[in-house]
Engineer: 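Sharing a structure here in structure tokens format.
All values below come from the heavy atoms of this structure, side chains included, with hydrogens, waters and symmetry mates left out.
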Amino acid sequence: MDSTELRIAAVVPCHNEEASVAKVVADLLAAVPGIVVYVYDNLSTDKTAERAREAGAIVRHEYTKGKGNVVRRAFADIEADVYLMIDGDDTYEASAAPLMIKTLLDGPYDHVLGVRRQDESGSAYRAGHETGNKVLNGVVGKVFGENVEDMLSGFRVFSRRFVKSFPAVSREFEIETELTVHSLHLRVPRTAVPVGFRDRPAGSESKLRTYHDGFKILALIIGLARHERPVAFYGLFGTLSWLVSIILSVPIVVEFYNTGEVPRFPTLFLAFTLLLLGSLAWTAGLILDGIRRSRHEAARLVYLRYSAVSADEHRPNGNGGDARTGGAGL
């Protein structure tokens, strides 16, 4: 399919990826003719920007540290019909890009996730990362009630209406989690495509910190659960408070029934306090759930302002293009 009227842009966040960024850019340009590759240099101290520019990328700089800040900036700056996001460490097979873009258009979908499949060496995942990824996928799946295959993948393709309705509040590596949750709570059309995943090239070092970043992502999931499932979140605390209140108060009530006396006033006050706190928690959850629904309706209306991009709307005419006027031969 030769979608020559499409504006396709690749966003490549980079921090000290001198050893790999040129190959990533070259692979993208070879895989998707007409694509415009934007490399966002995030406080690199090596020659990442020079290598990317030499390979044919448009280089921009984001001086606030963190992948989330890069994605936030890129999504605001770049105007395109289809957006591709891929890490600059050359661990993903860029040759999967045409299939992912075609899948997005044929759907049409708004979010195509590249699900990582390790190469034959089986050593692409660092120790603990694969297990941690599965655990976090399970947590998100339970919280939001939908199956998540590879929440932390950095290889994705988006439609314009997904990108321009995405708030992007995360600062660092939590951005992949936020992207996943955004697609879940808006219930946008989405699918997944297997992509190759391999070791970093020699001379390239991972920026991930297994436990530090894992706890930050888990904290984000808890925060998102509080925002997206307030009745369940606050209702849990409210119900626990009620149960403890009942456990504390039942012996006092029985003793009062038998003797007509209440000898443990502090325990009784604690039981009533917990009963009140439980009621307040449930009330807060119900109020916040109403606010959540209004927020989702507003987000949905913003999302619907943009039309879907589909293969049927773009016919081949033999012209080239860039991220504003051209497209790609797929």
Engineer: Is a donor from one side chain sitting under 3.5 angstrom from an acceptor on the other, for Tyr109 and Arg190?
Structural biologist: no
Engineer: Can you tell me how far the OG atom of Ser44 sits from the CD atom of Glu50, to the nearest 0.5 Å?
Structural biologist: 9.5 Å
Engineer: Is a salt bridge present between Asp81 and Arg160, judged by a nitrogen-to-oxygen distance below 4.0 Å?
Structural biologist: no
Engineer: Check Lys47 with Glu18, please: is the shortest side-chain N to carboxylate O separation under 4.0 Å?
Structural biologist: no
Engineer: Is a side-chain N or O of Tyr303 found less than 3.5 angstrom from the main chain of Val188, in a donor-acceptor match?
Structural biologist: no
Engineer: I need the Ile101 CD1 to Asp106 CG distance, nearest 0.5 Å.
Structural biologist: 11.5 Å
Engineer: Could you tell me if the ring centre of Phe158 sits under 6.0 Å from that of Phe75?
Structural biologist: yes
Engineer: Can you tell which of Glu172, Glu176, Glu62, Glu174 makes a salt bridge (charged side-chain N to carboxylate O under 4.0 Å, His left out) with Lys67?
Structural biologist: Glu176
Engineer: Knowing that exactly one of Leu288, Ile291, Ile287, Leu286 qualifies, which makes a side chain to side chain contact (heavy atoms under 4.5 Å, CB included) with Pro230?
Structural biologist: Leu288
Engineer: Of all the heavy-atom pairs spanning Met100 and Gly114, show the shortest one and how long it is.
Structural biologist: CE-N, 3.7 Å
Engineer: Just checking Arg171: does its CZ atom have more than 12 heavy atoms from other residues, nucleotides or ligands closer to it than 6.0 angstrom?
Structural biologist: no
Engineer: Indicate yes or no: at least one non-hydrogen side-chain atom of Leu29 is less than 4.5 angstrom from one of Val37.
Structural biologist: yes
Engineer: If you look at every heavy atom in Ala94 and Ala31, which pair is closest and at what distance?
Structural biologist: O-CB, 3.8 Å
Engineer: If you measure from CD on Glu255 to CD on Glu261, what distance do you get to the nearest 0.5 Å?
Structural biologist: 8.0 Å
Engineer: Roughly how far, to the nearest 0.5 Å, is CZ of Arg293 from CG of Asp289?
Structural biologist: 8.5 Å
Engineer: For the pair Glu54 and Arg51, find out whether any cationic side-chain nitrogen is under 4.0 Å from an anionic carboxylate oxygen.
Structural biologist: yes
Engineer: Please confirm whether the backbone N or O of Ser241 pairs with a side-chain atom of Ser245, one donor and one acceptor, at under 3.5 Å?
Structural biologist: no
Engineer: Short question: side chain of Ser165, backbone of Phe162 - any donor-acceptor pair under 3.5 Å?
Structural biologist: yes
Engineer: How are the rings of Trp242 and Trp282 set relative to one another: parallel (under 30°), tilted (30 to 60°) or perpendicular (over 60°)?
Structural biologist: parallel
Engineer: I'd like to know if the side chain of Asp89 and the backbone of Ser20 have a donor-acceptor N/O pair within less than 3.5 Å.
Structural biologist: no
Engineer: In terms of hydrophobic clustering (I, L, V, M, F, W, Y; side-chain heavy atoms under 4.5 Å; direct or indirect links), are Leu113 and Leu28 co-clustered?
Structural biologist: no
Engineer: Is it true that a side-chain atom of Arg73 and a backbone atom of Tyr63 form a donor plus acceptor pair closer than 3.5 Å?
Structural biologist: no
Engineer: So which atom in His111 and which in Leu104 form the shortest heavy-atom distance, rounded to 0.1 Å?
Structural biologist: N-CD1, 3.9 Å
Engineer: Any non-hydrogen side-chain atom of Arg264 less than 4.5 Å from a side-chain atom of Leu270?
Structural biologist: no
Engineer: Tell me, with the steps shown, if Val148 and Leu184 meet side-chain contact (heavy atoms from CB on, under 4.5 Å).
Structural biologist: CA-CA 9 Å; Val148 179; Leu184 291 175; 4.1 Å; yes
Engineer: Begin from the C-alpha positions of Asn258 and Val254 and carry the test side-chain contact (heavy atoms from CB on, under 4.5 Å) through to its verdict.
Structural biologist: CA-CA 6 Å; Asn258 292 330; Val254 171; 3.6 Å; yes
Engineer: So, Asn137 side chain and Glu149 main chain: donor-acceptor pair closer than 3.5 Å or not?
Structural biologist: yes
Engineer: Stepwise, does the side-chain contact (heavy atoms from CB on, under 4.5 Å) test hold for Phe197 with Ser153?
Structural biologist: CA-CA 10 Å; Phe197 187 58; Ser153 173; over 6 Å; no
Engineer: Over all heavy atoms of both residues, which pair between Val115 and Ala192 is shortest? Give the atoms and the distance, please.
Structural biologist: CG2-CB, 3.5 Å
Engineer: If you group Ile, Leu, Val, Met, Phe, Trp and Tyr by side-chain heavy-atom gaps below 4.5 Å, do Leu275 and Phe269 land in one group?
Structural biologist: yes
Engineer: Please report the interatomic distance NE2(His15) to CG(Asn42), rounded to the nearest 0.5 Å.
Structural biologist: 7.0 Å
Engineer: Does the distance from a Lys or Arg side-chain N to an Asp or Glu carboxylate O, for Arg295 and Glu228, drop under 4.0 Å?
Structural biologist: yes
Engineer: Where does the angle between the aromatic ring planes of His185 and His296 fall among parallel (under 30°), tilted (30 to 60°) and perpendicular (over 60°)?
Structural biologist: parallel
Engineer: Roughly how far apart are Leu243 CG and Leu274 CG, rounded to 0.5 Å?
Structural biologist: 10.5 Å
Engineer: Please report the shortest heavy-atom distance between Ile175 and Gly68, naming the atom on each side.
Structural biologist: CB-CA, 3.9 Å
Engineer: Mark yes or no for whether Arg116, through its side chain, and Gly154, through its backbone, hold a donor-acceptor pair below 3.5 Å.
Structural biologist: no
Engineer: So does Glu93 get a backbone contact from the side chain of Asp27, meaning a donor-acceptor N/O pair under 3.5 Å?
Structural biologist: no
Engineer: Heavy atoms, side chains only, cut-off 4.5 Å: are Arg156 and Tyr83 in contact?
Structural biologist: no
Engineer: Which atoms form the tightest heavy-atom contact between Val59 and Ala52, and what is the distance?
Structural biologist: CG2-CB, 3.8 Å
Engineer: With side chain to side chain contact (heavy atoms under 4.5 Å, CB included) as the test, pick out the partner of Thr64 among Val70, Asn69, Leu43.
Structural biologist: Asn69
Engineer: Just by distance, with hydrogens left out, do Asp77 and Tyr38 show a side-chain donor and acceptor under 3.5 Å apart?
Structural biologist: no
Engineer: For side-chain contact (heavy atoms from CB on, under 4.5 Å), just list the numbers for Leu99 and Val195, CA-CA rounded to whole Å, side-chain angles, deciding distance to a tenth of an Å, and then say yes or no.
Structural biologist: CA-CA 10 Å; Leu99 175 60; Val195 298; over 6 Å; no
Engineer: Do Phe166 and Val302 land in one hydrophobic cluster if side-chain heavy atoms of ILVMFWY residues count as linked below 4.5 Å?
Structural biologist: no
Engineer: State yes or no: do Tyr306 and Val309 share one hydrophobic cluster built from I, L, V, M, F, W and Y residues joined by side-chain heavy-atom distances below 4.5 Å, directly or via other members?
Structural biologist: no
Engineer: Using 4.0 Å as the upper bound for N to carboxylate O, is an ion pair formed by Lys23 and Glu17?
Structural biologist: no
Engineer: Could you see if Phe237 belongs to whatever hydrophobic cluster contains Leu248? Use Ile, Leu, Val, Met, Phe, Trp, Tyr and a side-chain cutoff under 4.5 Å.
Structural biologist: no
